[in-house]
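Convention: sequence-line order gives letters A, B, ...; per-chain numbering from 1.
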Protein chains: 4
Amino acid sequence: MTSNRSTGRPRDETLDTAIMRAAIDLVDERGYAAVTIDAIAERAKTSKTAIYRRWPKKAAIVMEAFLVAAEPLITPPDNLPFRDTVIAQMTALAKFFQTTPGGRTITDLIAVAKTDAALADAIRENWLIPRRTVACAYFQAAQKAGELRDGIDTSALIDALYGPLYFRLLLGHDAIDRSFIEHIVDMAMMGIAPNQEKSS
Amino acid sequence: MTSNRSTGRPRDETLDTAIMRAAIDLVDERGYAAVTIDAIAERAKTSKTAIYRRWPKKAAIVMEAFLVAAEPLITPPDNLPFRDTVIAQMTALAKFFQTTPGGRTITDLIAVAKTDAALADAIRENWLIPRRTVACAYFQAAQKAGELRDGIDTSALIDALYGPLYFRLLLGHDAIDRSFIEHIVDMAMMGIAPNQEKSS
Amino acid sequence: MTSNRSTGRPRDETLDTAIMRAAIDLVDERGYAAVTIDAIAERAKTSKTAIYRRWPKKAAIVMEAFLVAAEPLITPPDNLPFRDTVIAQMTALAKFFQTTPGGRTITDLIAVAKTDAALADAIRENWLIPRRTVACAYFQAAQKAGELRDGIDTSALIDALYGPLYFRLLLGHDAIDRSFIEHIVDMAMMGIAPNQEKSS
Amino acid sequence: MTSNRSTGRPRDETLDTAIMRAAIDLVDERGYAAVTIDAIAERAKTSKTAIYRRWPKKAAIVMEAFLVAAEPLITPPDNLPFRDTVIAQMTALAKFFQTTPGGRTITDLIAVAKTDAALADAIRENWLIPRRTVACAYFQAAQKAGELRDGIDTSALIDALYGPLYFRLLLGHDAIDRSFIEHIVDMAMMGIAPNQEKSS
DNA sequence: CGTTAACCGAGACGGTACGTCCTGTCTTTTC
DNA sequence: GAAAAGACAGGACGTACCGTCTCGGTTAACG
């Protein structure tokens with residue numbers, strides 16, 4: 001046990017959420033780099049001390065706030081057809097990224113993670129891997145059910161589907177809309193589907 | 001011609017390259033965030049003045065240095081078969097990203113671009129779009145030659161191929177090796193190839 | 001009471017004096033213009049932040065340091081004869097100017113004050129006027145006691161006595177010694193003394 | 001002979017005056033410290049090069065400009081009474097200091113001279129000593145003519161008269177007007193005049 | 001029911017980098 | 001060879017944040 005601290009003034013737990021709320025709002029308003037700890041403290045009507053007592057650095061606050069803001073893991077419903085399930089999942093993710101303060105934050109975090117190994121680990125372990133695990137399970141089930149041809153690397157498949165989405169999100173060179181998602185899925189699908197024949 | 005300024009001491013053009021060289025080396029050694037303008041000036045044996053006369057901020061120096069380093073990368077598509085050509089291009093890009101100082105820099109630039117609109121524009125216009133244009137032309141030629149089935153959005157195709165690559169590059173959750181590239185290409189290929197037949 | 005600020009970490013008051021000490025020593029060693037804020041911070045073993053929190057500019061630091069150094073200089077006029085009192089005061093001032101770090105500083109301050117109205121005000125209000133007020137009171141008492149002839153403008157008298165002293169101090173064209181002070185006083189005295197008669 | 005340079009483009013002698021004019025005007029407008037060499041060059045519609053070819057530093061330009069602007073040495077007319085002559089000389093000096101750009105500059109020069117020994121020398125040799133020499137001669141003649149009592153140190157007398165004037169000029173604590181000058185002269189006079197008697 | 005210990009706010013602390021400004025020198029073309 | 005234009009190295013400026021610290025003052029559970 002790390003601490004069974006019993007005496008002393010207990011932490012004000014409303015502060016945790018107030019700080020994360022302030023952090024994620026400010027990041028959404030100004031962009032990650034332009035947000036200072038002082039500004040977060042001011043917005044949350046608290047002090048730097050209270051913040052540093054909870055998190056070691058800005059990235060950690062924003063990371064936790066992002067995870068809280070993120071939708072809980074959704075296991076894909078089994079009843080829909082394969083294509084519809086994949087499109088629904090990708091659409092939900094795109095919507096989260098594009099319409100919520102928390103979602104817009106992930107790109108900043110990914111960006112900063114390039115110079116912050118601890119943050120990179122946190123993103124992978126708390127965001128990426130859980131989602132990949134779910135997706136992987138779904139695809140392997142589909143594979144077993146004969147919906148995917150043999151020889152598909154499910155890990156590469158996940159990247160083939162979600163990679164383009166993150167790519168446009170991070171580079172911003174083109175829209176992430178229904179049409180784009182369908183194109184990506186269909187291009188993958190027809191390669192994934194078994195039983196295809198080709199004339200050379 | 002941008003300027004026909006004739007009087008006054010001309011700029012020392014060796015300084016331009018010296019500064020960019022220093023910048024990109026330092027970024028490679030210490031990481032983008034840890035590099036200061038003073039350090040660049042010292043490494044390039046010049047002064048901050050000379051640097052600020054040329055570029056408005058660190059990102060601009062590094063961006064130009066990156067572009068110079070990446071210049072020789074554009075290889076005209078050769079006469080190989082479609083699949084080989086695509087794999088060769090992607091492999092070359094992956095190699096640039098992973099083995100050269102300039103290449104390792106792009107992720108930092110993409111990161112910073114999230115809070116620097118001018119840099120984001122610069123990346124799109126000077127790096128991304130030129131490459132996409134070349135790729136687009138290649139794919140459209142292939143389409144005309146009957147190597148792609150109808151209905152393929154070449155823009156989405158580019159993202160389907162390169163998106164996964166950038167995705168792993170930026171998130172670092174898995175390796176970018178020969179096998180991965182082949183998986184991505186093959187998944188795309190088999191959906192792209194015309195004349196396929198499927199039994200549902 | 002200047003402030004009843006109660007919260008927050010209190011200022012380290014030893015820093016105030018350490019900074020002023022460093023400032024005035026450096027000015028004495030190198031001359032006002034050659035002293036930098038960084039050098040003061042280094043000498044005082046503190047940071048620029050701490051200095052700028054207290055004073056807005058170099059002149060303000062040095063001004064306050066000068067005043068602190070000059071504080072003990074104000075000696076109440078004693079019971080000596082008029083001429084002796086005046087000579088004693090002028091000698092004390094000359095000695096302060098010529099032999100102490102703080103005293104040598106005043107000329108630099110007067111210099112800078114020519115392009116710094118706030119400093120000029122500070123010098124007048126905190127240095128010049130207090131001393132003139134004391135001197136003025138002394139001369140008016142003497143006037144009442146019949147030691148000065150009527151029609152003497154005490155303000156002009158002060159300038160007549162101290163003006164030559166500052167003049168030589170600032171221009172440095174000649175020595176400020178006992179003999180000079182006596183000459184000045186005697187020239188003034190004989191014009192000031194009422195009812196004087198002289199035999200050639 | 002220093003140089004009988006015959007070849008090459010001759011110096012543009014109008015530039016000398018243009019630069020000095022610009023320098024002294026700018027000092028008058030903004031104060032010595034706020035004037036930069038670049039600003040002088042711009043105002044004089046010339047370049048820094050041309051300035052540095054002529055003078056080694058800002059102080060030297062301004063010093064020479066001041067001397068040019070200063071009235072030529074005036075030997076006091078013999079025909080006036082002693083008191084009138086002295087008052088006329090002091091009034092002329094006060095007027096120069098207070099109403100002309102050049103005159104307002106001297107205080108800045110004296111100020112800067114405290115940290116510039118070469119300038120201090122220049123001021124003494126080119127401004128102060130010539131004037132003191134003339135005044136000294138005048139007072140010694142007066143002394144011989146019996147207008148001054150014995151034992152007067154003419155050097156101290158000059159300081160007693162002009163010191164208060166420079167003092168008010170430099171400190172700016174009070175006006176330099178006709179009344180002030182008369183007070184100073186009269187206080188000195190009555191001490192200087194031999195054999196004087198006073199009623200009441 | 002007082003002690004105790006951690007919390008809270010406010011803000012000072014040492015430190016680092018910033019981007020600007022000025023200095024005095026230099027390098028080039030033009031006159 | 002001077003003039004003009006402007007680039008050059010160097011160095012101080014004053015500002016902004018960082019992450020740490022020191023205060024006076026809560027706020028509960030423990031004893």
Q. With a 4.0 Å cut-off on heavy atoms, is T49(D) in touch with a base, just the backbone sugar-phosphate, or nothing at all?
A. base
From CD1 of I19(D) across to P of dA2(F) the rounded distance in Å is 14 Å
task = Could you check whether K57(A) gets within reach of a base, just the sugar-phosphate, or nothing at all, counting any heavy atom under 4.0 Å?
result = nothing
State whether the distance check finds a donor on one side and an acceptor on the other, under 3.5 Å, for side chain K48(A) versus base dG11(E). no
Between R11(C) and D16(C), is there a side-chain N and carboxylate O pair less than 4.0 Å apart? no
Whole-Å distance, E13(A) CD to dA6(E) P, equals 17 Å
Open item on the list: Any side-chain N or O of S47(B) below 4.0 angstrom from OP1/OP2 of dA9(F)?
Closed with: yes
Under 4.0 Å between a side-chain nitrogen and a carboxylate oxygen: does that hold for R104(C) and D28(C)? yes
task = May I ask you to evaluate whether T46(C) reaches the phosphate of dG14(E), defined as a side-chain N or O under 4.0 Å from OP1 or OP2?
result = yes
Winner on side-chain proximity to T7(C), out of dC30(F), dG11(E), dC18(E), is dG11(E)
Rounded to whole Å, CD1 of I61(B) lies from C1' of dG19(E) at a distance of 12 Å
Ignoring hydrogens and angles, tell me if any N or O in the side chain of T105(C) forms a donor-acceptor pair with the backbone of P101(C) under 3.5 Å.
yes
Considering only heavy side-chain atoms of L15(A), the closest of dA3(F), dG19(F), dC8(E) is dC8(E)
To the nearest angstrom, the CD1-C1' distance between I51(A) and dA10(E) comes to 13 Å
Does R11(A) make a side-chain N or O approach to OP1 or OP2 of dC7(E) shorter than 4.0 Å? yes
Original post:
Touch check for D38(D), heavy atoms < 4.0 angstrom, all strands: base, sugar-phosphate only, or nothing?
Top reply: base
DNA chain E nearest-nucleotide lookup for R54(C) and A34(B): closer to the 5′ end is R54(C)
Practice prompt. Considering only NZ, NE, NH1 and NH2 on the basic side and carboxylate oxygens on the acidic side, decide whether E29(C) and R43(C) come within less than 4.0 Å.
Written response: yes
(request) State whether R53(A) places a side-chain N or O below 4.0 Å from either non-bridging phosphate oxygen (OP1 or OP2) of dA6(E). (result) no
Rounded to whole Å, the OH-C1' distance (Y32(B) to dA17(E)) equals 13 Å
Exercise. Checking K58(C) against Y32(C): charged group under 6.0 Å from the ring centre and within 45 degrees of the axis?
Worked result: yes
Has the side chain of R9(B) got a donor or acceptor that lies under 3.5 Å from a partner of the other kind on the base of dC26(E)? yes
field: Donor-acceptor pair present, K45(C) side chain and dG14(E) base, under 3.5 Å
entry: no
